[in-house]
Amino acid sequence: QVQLIESGGGLVQTGGSLRLSCAASGRSLDNYNMDWFRRAPGKEREFVAAISGSGISTIYADSVKERFTISRDNAKNTVYLQMNSLKPEDTAVYYCAANRAVNLRSVLMDYWGKGTLVTVSS
């Protein structure tokens, strides 16, 4: 049974930074793409960023490019999301997820975490 546990959420002011972590247990995920999604209040869940199993390839939603960085440490079975220059519109529950799709852009995920709340105050 794979579990993904997010941490690092919290309250931050506009322009501030947070680093989210997603720790996996139950099996090694170094052959899995790891993604971050978010769901803002009253909105649909949206893709944020993804990283390939090797960590070589990354993709980002246009809304977070140049501000967010996804990375992973396969030795720790953990993926990170460094979020800088945060804006109120980044307020959301952030979820990590994993899949083994060939296409990094696939949003059909095999495993999901329960999320961590990020609140950006204006």
Side-chain angles (χ1 to χ4, degrees):
Q1 181 78 11
V2 173
Q3 283 192 315
L4 301 177
I5 300 176
E6 302 94 336
S7 62
L11 175 64
V12 64
Q13 290 186 330
T14 295
S17 297
L18 281 175
R19 189 175 82 152
L20 305 184
S21 299
C22 172
S25 62
R27 68 177 300 166
S28 171
L29 295 186
D30 57 357
N31 289 326
Y32 284 73
N33 302 322
M34 298 295 296
D35 290 36
W36 287 96
F37 292 80
R38 66 186 182 187
R39 187 193 301 271
K43 296 189 176 181
E44 298 288 319
R45 185 173 61 202
E46 65 174 352
F47 169 80
V48 175
I51 186 167
S52 61
S54 65
I56 291 175
S57 300
T58 59
I59 55 174
Y60 296 90
D62 287 344
S63 59
V64 306
K65 278 181 183 175
E66 310 292 334
R67 299 189 297 123
F68 291 11
T69 302
I70 189 171
S71 62
R72 65 191 299 160
D73 184 339
N74 285 341
K76 295 182 178 180
N77 226 19
T78 299
V79 64
Y80 304 98
L81 186 67
Q82 177 67 43
M83 306 186 296
N84 298 328
S85 303
L86 283 161
K87 305 174 182 180
E89 51 263 44
D90 294 316
T91 294
V93 177
Y94 284 73
Y95 302 88
C96 72
N99 71 18
R100 295 191 69 177
V102 173
N103 188 346
L104 187 57
R105 296 186 179 277
S106 172
V107 293
L108 297 177
M109 312 308 292
D110 297 321
Y111 305 110
W112 288 91
K114 293 184 178 181
T116 184
L117 177 63
V118 172
T119 303
V120 184
S121 64
S122 57

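Numbers here simply count residues along the sequence, with the first being 1.
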Please answer whether the main-chain N or O of [Y] pairs with a side-chain N or O of [X] as donor and acceptor at a distance below 3.5 Å.
X	Y	result
T91	V120	yes
N99	L108	yes
S52	N33	no
N31	R100	no
N77	R27	yes
S106	L104	no

Linking I/L/V/M/F/W/Y whenever any side-chain heavy atoms sit under 4.5 Å apart, do [X] and [Y] land together?
X	Y	value
L18	W36	yes
V12	V93	no
I5	Y111	no

Exercise. Are K87 and D90 within salt-bridge range, i.e. N to O under 4.0 Å?
Worked result: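 Here K87 does not pair with D90 in a salt bridge, since their nearest N and O are not under 4.0 Å apart.
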For this session: Using distance alone, with no hydrogens and no angle criterion, decide if R38 and Y94 have a side-chain donor and acceptor under 3.5 Å apart.
Result: yes
Which heavy atom of [X] sits nearest to which heavy atom of [Y], and what is that distance?
X	Y	result
T78	K76	OG1-O, 2.8 Å
Y60	F47	C-CE2, 4.0 Å
S71	I51	CA-CD1, 3.7 Å
S122	P88	CB-CG, 3.9 Å
L4	C96	CB-SG, 3.7 Å

Between [Y] and [X], is there a side-chain heavy-atom distance shorter than 4.5 Å?
X	Y	answer
S7	T116	no
C22	M34	yes
V48	Y95	no
S21	E6	no
L20	Y80	no

For this session: Would you please test I70 and V79 for side chain to side chain contact (heavy atoms under 4.5 Å, CB included) and show each step?
Result: CA-CA 7 Å; I70 189 171; V79 64; 4.0 Å; yes
Exercise. Do F37 and M109 pass the side chain to side chain contact (heavy atoms under 4.5 Å, CB included) test, and can you show the C-alpha distance, the side-chain angles, and the key distance before you say yes or no?
Worked result: CA-CA 11 Å; F37 292 80; M109 312 308 292; 3.9 Å; yes
Problem set entry | CZ on F68 to CG on L81, rounded to 0.5 Å |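 The CZ atom of F68 is 6.0 Å from CG of L81, to the nearest 0.5 Å.
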Exercise. Atom CZ of R72 and atom OG1 of T58: how far apart are they, to the nearest 0.5 Å?
Worked result: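 Those atoms lie 12.0 Å apart.
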